[in-house]
Structure formats: structure tokens, C-alpha cells
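Read the structure below first, then the notes.
Computed from heavy atoms alone, side chains included, the values below leave out hydrogens, waters and symmetry copies. What you are looking at is a predicted structure, and each value in this text was computed from that prediction instead of being measured.
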Amino acid sequence: MSQPVHAVVMHRFSASAERVFDAWFDPVWLGRWMFGPGVRDERIVRLTLDARVGGKFSFVVDRQGTQIDHVGEYLELDRPRLLVFTWTTRESLPEKSRVIVEITPRDAGCDVKLTHLMGAAWSAYVDQAAHAWTKMLDALERAIAQNSAEQAPDVSP
């Protein structure tokens with residue numbers, strides 16, 4: 001069996017580890033940072049998930065008239081430090097990859113290390129996967145910052 005290839009992305013957030021972790025499990029939030037026009041040229045069709053170990057998700061988007069269903073299963077959930085899930089598209093089943101999201105709390109926020117493990121046949125796509133995850137984590141940071149600004153108390157006199 002050939003060794004898997006890895007796309008690894010690091011990101012530092014000013015938000016708490018709990019807030020970053022929880023953003024992975026709310027379909028409204030996923031539509032702000034993982035999918036949709038704020039991230040790439042696509043329309044969200046449906047985002048559903050069952051946030052528990054053994055629970056599954058289905059994230060359907062329309063990209064240029066083609067519906068893509070991203071599916072997977074949650075393998076490990078340790079709030080707020082670890083999230084592990086399988087990742088594929090319905091068209092690619094039964095082939096699956098694995099995503100490991102490690103969140104390290106800091107005094108002022110958290111650090112995220114995301115590792116996407118793919119079969120060796122996907123070695124040509126490692127940079128593309130890393131770029132996509134980087135773009136999504138950047139969008140998550142913007143969504144959290146925007147949400148914080150929207151909820152900031154009015155302190156004007």
C-alpha cells in the first residue's frame with residue numbers, strides 16, 4: 001500500500017478555541033466560511049450534519065451548474081482541541097481522505113493545524129488542497145471578526 005500524501009495548513013486565530021471549533025458544526029457558519037460565494041464561485045444547495053462521533057455530513061454546492069456533494073463521517077470530536085473526519089465527494093466514494101484539525105488554545109485566541117491526508121494518487125493535488133483549506137480558514141477568521149463587530153456593544157456616548 002502506498003503512503004498517503006499530506007496537505008498541512010497552519011492558522012492563528014484571535015478567537016477562542018471553542019469558537020473556532022464550534023464553527024465547524026453550524027450549517028449557517030459553514031455557509032459563511034467553508035462554502036458559498038464568500039469563499040468561491042458557488043451556490044450552497046444544502047448543508048446538513050450530525051455532529052457526533054459516527055455522525056455524517058453532506059455539504060451540497062452548485063458550481064457552474066454541477067452539484068457537488070461533499071460527504072464524510074466524524075471520527076473524533078474533542079471540543080475544543082481536536083476534530084477528525086473523513087472527506088470525499090459522493091462521486092468519489094468509496095475513496096475517502098481524512099482531515100485532522102488540531103486546535104491549540106492560547107491566551108489571546110488559538111492556533112489551528114489542519115492536516116489533510118490523501119491517498120498517493122492525489123499527490124498532484126496537495127498544493128491545491130492546502131490552498132483551498134488556507135482560503136477557508138482565512139474566510140473563517142473574517143466571519144468571526146465580522147460577527148464580533150456586529151455583536152459589539154454600542155459604547156458611544
Side-chain heavy atoms under 4.5 angstrom apart, residues restricted to Ile, Leu, Val, Met, Phe, Trp, Tyr: same cluster for Val99 and Val5?
no
Under 6.0 Å between ring centres: does that hold for His70 and Phe57?
no
Arg106 and Asp111 ion-paired at < 4.0 Å
yes
pair Val20-Ile144: side-chain heavy atoms closer than 4.5 Å
yes
Are the aromatic rings of Phe21 and Phe13 close, with centres under 6.0 Å apart?
no
Trp29 versus Trp24: any side-chain heavy-atom pair under 4.5 Å?
no
Considering all heavy atoms of both residues, which atom of Pro27 and which atom of Leu47 are nearest to each other, and what is their separation?
O-CD1, 3.4 Å
Would you say that Thr86 contacts Leu75 through its side chain, given a criterion of any heavy-atom pair below 4.5 Å between the two side chains?
yes
With no hydrogens and no angle check, do the side chains of Asp69 and Ser58 hold a donor and an acceptor under 3.5 Å apart?
yes
Side chains of Arg81 and Glu102, heavy atoms from C-beta outward: is any pair under 4.5 Å?
no
Using the six-membered ring wherever Trp is involved, compare the ring planes of His116 and Trp133 and label them parallel, tilted or perpendicular (cut-offs 30° and 60°).
perpendicular
Exam field: side chain Lys113 to backbone Ile103, donor-acceptor pair closer than 3.5 Å:
no
Rounded to the nearest 0.5 Å, how far apart are CD1 of Ile100 and CG of Leu114?
9.0 Å
Can any side-chain N or O of Thr134 pair as donor or acceptor with the backbone N or O of Ala130 at less than 3.5 Å?
yes
Can we say Lys56 and Asp50 salt-bridge, meaning some charged N sits less than 4.0 Å from an Asp/Glu carboxylate O?
no
